[in-house]
There are 2 protein chains.
Amino acid sequence: MKQQDVFKALADPTRRAILKRLQGGALTAGEIGAAFEITGASLSHHFTVLKQADLVRTERRGQYIVYSLNSTVVEDLARVLFDLFPARGGRTGDKS
Amino acid sequence: MKQQDVFKALADPTRRAILKRLQGGALTAGEIGAAFEITGASLSHHFTVLKQADLVRTERRGQYIVYSLNSTVVEDLARVLFDLFPARGGRTGDKS
DNA sequence: GCAGTAATTAGAAATTTATCTAATTATCTA
DNA sequence: TAGATAATTAGATAAATTTCTAATTACTGC
């Protein structure tokens, strides 16, 4: 896991929206792109960043390329975050 | 919590290093800066970004300004992440 | 092989971000 | 109050990022 790549990938709102779209299951590049105003070329750039961070996986299916979420990275990321912030017992939900 | 501000703040390696330095407890701007090559002005910019993301808190103590970690934000961030990635039972540590 | 569709890659323009030097603000001490 | 120290703010430059159009690659089906 390249920490820097993951953080940079998550820093862009369009890329986070892509990840959210993939929650419902794998989608082709075109299906993902339908939800955004930007061009396919720009989308493709974002896919590259997400792939480099290992946040998504791709698989060619004939004419299409199918994207899916790589959930295992969230575990790595969780480790990094708990390393970045001091432990506090693990309770959550009392702030807001 | 402004999600975008937090992600953007964490996207820079210098800022993550600042957060790590603060793990040991509160430090003055100068003490933090001693560990980095960049100028105080640049550091100050990073502090601004971290403050805007509510990741650090500041307090003036006489001539000094003391920075400390705001751990509560990690809880908000955890929520965002678990929202961004599908739930997977909650176990961690089996991937390497 | 050729036309059509899906997606990426190439190259450039516009925006944002990180960094610098110089100037300013705030505080301490004599 | 004046000089020294800590830190920020202002303004500029350099580097990185996002986005675009145009061209290219990969596959389908005739």
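No hydrogens, no waters, no symmetry mates; every other heavy atom, side chains included, goes into these values. The chains referred to below are lettered A, B, ... by the order of the sequence lines, with proteins before strands, and numbering in each begins at 1.
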- Message: Would the distance check show the side chain of A/Arg21 and the main-chain N or O of A/Glu31 forming a donor-acceptor pair, the cut-off being under 3.5 Å?
- Response: yes

- Task: Kindly give the heavy-atom pair with the smallest separation between B/Gln4 and A/Ala11, and that separation in Å.
- Result: NE2-O, 3.0 Å

- Rounded off to whole Å, could you give me the CD-to-P distance for the A/Glu37 and D/dT19 pair? 12 Å

- Task: Mind checking B/Arg61 for me? I need base, sugar-phosphate or nothing, with any heavy atom below 4.0 Å counting as a touch.
- Result: nothing

- Identity of whatever pairs with C/dA30 - Watson-Crick or G-U, under 3.5 angstrom: D/dT1

- OP1, OP2 of D/dT19 versus side-chain N and O of A/Thr39: anything below 4.0 Å? no

- Message: Would you say that more than 12 heavy atoms from the other residues, nucleotides or ligands in this model lie under 6.0 Å from the CD of B/Glu37, or not?
- Response: no

- Query: Are A/His46 and D/dT19 close enough that a side-chain N or O sits under 4.0 Å from OP1 or OP2?
  - Reply: yes

- side chain to side chain contact (heavy atoms under 4.5 Å, CB included), paired with A/Val66, selected from A/Thr58, A/Leu27, A/Thr28: A/Thr28

- Query: Any sub-3.5 Å donor-acceptor pair from B/Asn70's side-chain atoms to B/Arg57's backbone N or O?
  - Reply: no

- Length of the CD-P vector between B/Glu59 and C/dA26, whole Å: 18 Å

- Determine, for nucleotides 3-15 of chain D in 5'-to-3' order, which nucleotides have protein heavy atoms under 4.0 Å from the base (write B), from only the sugar-phosphate (write S), or from neither (write -). --BSSBB------

- Message: Any side-chain to backbone donor/acceptor pair from A/Arg16 onto A/Leu10? Under 3.5 Å, distance only.
- Response: yes

- Nearest-Å distance, CD (B/Gln52) to C1' (C/dT17)? 13 Å

- Message: Whole angstroms only, please: what is the CG-P distance between B/Asp12 and D/dT17?
- Response: 10 Å

- Query: Taking atom P of C/dA18 as reference, at what distance in whole Å does atom CG of B/Leu50 sit?
  - Reply: 10 Å

- Spacing between B/Ile38 atom CD1 and C/dT17 atom C1', to the nearest angstrom: 13 Å

